[in-house]
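Every number for a ligand or one of its atoms is a count from 1 in the order of the listing. Note that the structure is predicted; figures quoted are calculated from it, not measured.
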Amino acid sequence: MQLTNLLVLAAGASAAVTGVSRRGDAKKCLCKSDVDVLVGKYKDILNAWKPEYADYIANEGFYDFSQSINTIAGLPDGFPIFPNKTAFVGYESTTPDNIPLTVEKVGPWNCDQIALIWNAKFAKAPVDPNNVRGITILGAKYEDKVWKIGSIDVEFDSIKYNKNLGGSTTPPPPPPSSS
Ligand SMILES: *[C@@H]1O[C@H](CO)[C@@H](O)[C@H](O)[C@H]1NC(C)=O
């Protein structure tokens, strides 16, 4: 093959890539490095909030929905605890979670959603810390030419979490004996 043919091929290939990304703005998909960035930011946000993390929260359509959080907060369920970015950023800015969350497993993920499993071992003294395991699904939103966290759905071991905060729960009564 002649050099000119190779150059034509190379030009064709890069034009094809450009074409994909230009069209892709309508339906852009996460790649592995995007997933790593968003999962890393989610962890950072929960570990120790910093104002610049707000840039990674989508402006439009953001929500954080968690029946576990509503239950711990003593609220009814069925609605997002933070229905928009302002509410979420406001909460994190004034009362950051500061949870030592570690990521146990990332995936599965697809075009614009990421499932992850996490652990967090913490407690308010004098309580012995219990490990809390949780599952989060991050919705990803491509906004202003970057991937941002577009939504958070999270459920976790709220019994252990409640214990870590100094709360208590009463186990159910034993089953009736069969004799
Ligand atoms: C954001 O959510 C809060 C409730 O937490 C609500 O009071 C506020 O009006 C909402 N703000 C916008 C801009 O929708």
Rounded to the nearest 0.5 Å, what separates atom OG in S151 from atom CZ in F62?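 Between S151 OG and F62 CZ, I get 7.5 Å after rounding to 0.5 Å.
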Are there any protein N or O atoms under 3.5 Å from the N or O atoms of ligand 1? List them with distances, or say none.
| residue | atom | partner | partner atom | Å |
| --- | --- | --- | --- | --- |
| ligand 1 | 2 (O) | N84 | OD1 | 3.4 |
| ligand 1 | 2 (O) | N84 | ND2 | 2.4 |
| ligand 1 | 11 (N) | N84 | ND2 | 2.9 |
| ligand 1 | 14 (O) | N84 | ND2 | 3.2 |

Return yes when atom CD1 of I72 has more than 12 non-hydrogen atoms of other residues, nucleotides or ligands closer than 6.0 Å, and no otherwise.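 Check passes, neighbour count above 12.
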Backbone of V154 reached by a side-chain donor or acceptor of S66 within 3.5 Å: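 Judged by distance alone, yes, a pair lies under 3.5 Å.
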Under the 3.5 angstrom rule, does the side chain of N164 hit a backbone N or O of F122 as a donor-acceptor pair?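 Indeed, once roles are kept as given, a pair shorter than 3.5 Å links the two residues.
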Going by atom type alone, with no hydrogens or angles, which donor-acceptor pairs under 3.5 Å involve a side-chain atom of residues 43-57 and a protein atom two or more places apart or on another chain?
| residue | atom | partner | partner atom | Å |
| --- | --- | --- | --- | --- |
| N47 | ND2 | K43 | O | 3.3 |
| N47 | ND2 | I99 | O | 2.8 |
| N47 | ND2 | L101 | O | 3.3 |

Any idea how W118 and F156 line up, ring-wise: parallel (<30°), tilted (30 to 60°), or perpendicular (>60°)?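 The arrangement is tilted - the two ring planes meet at 30° to 60°.
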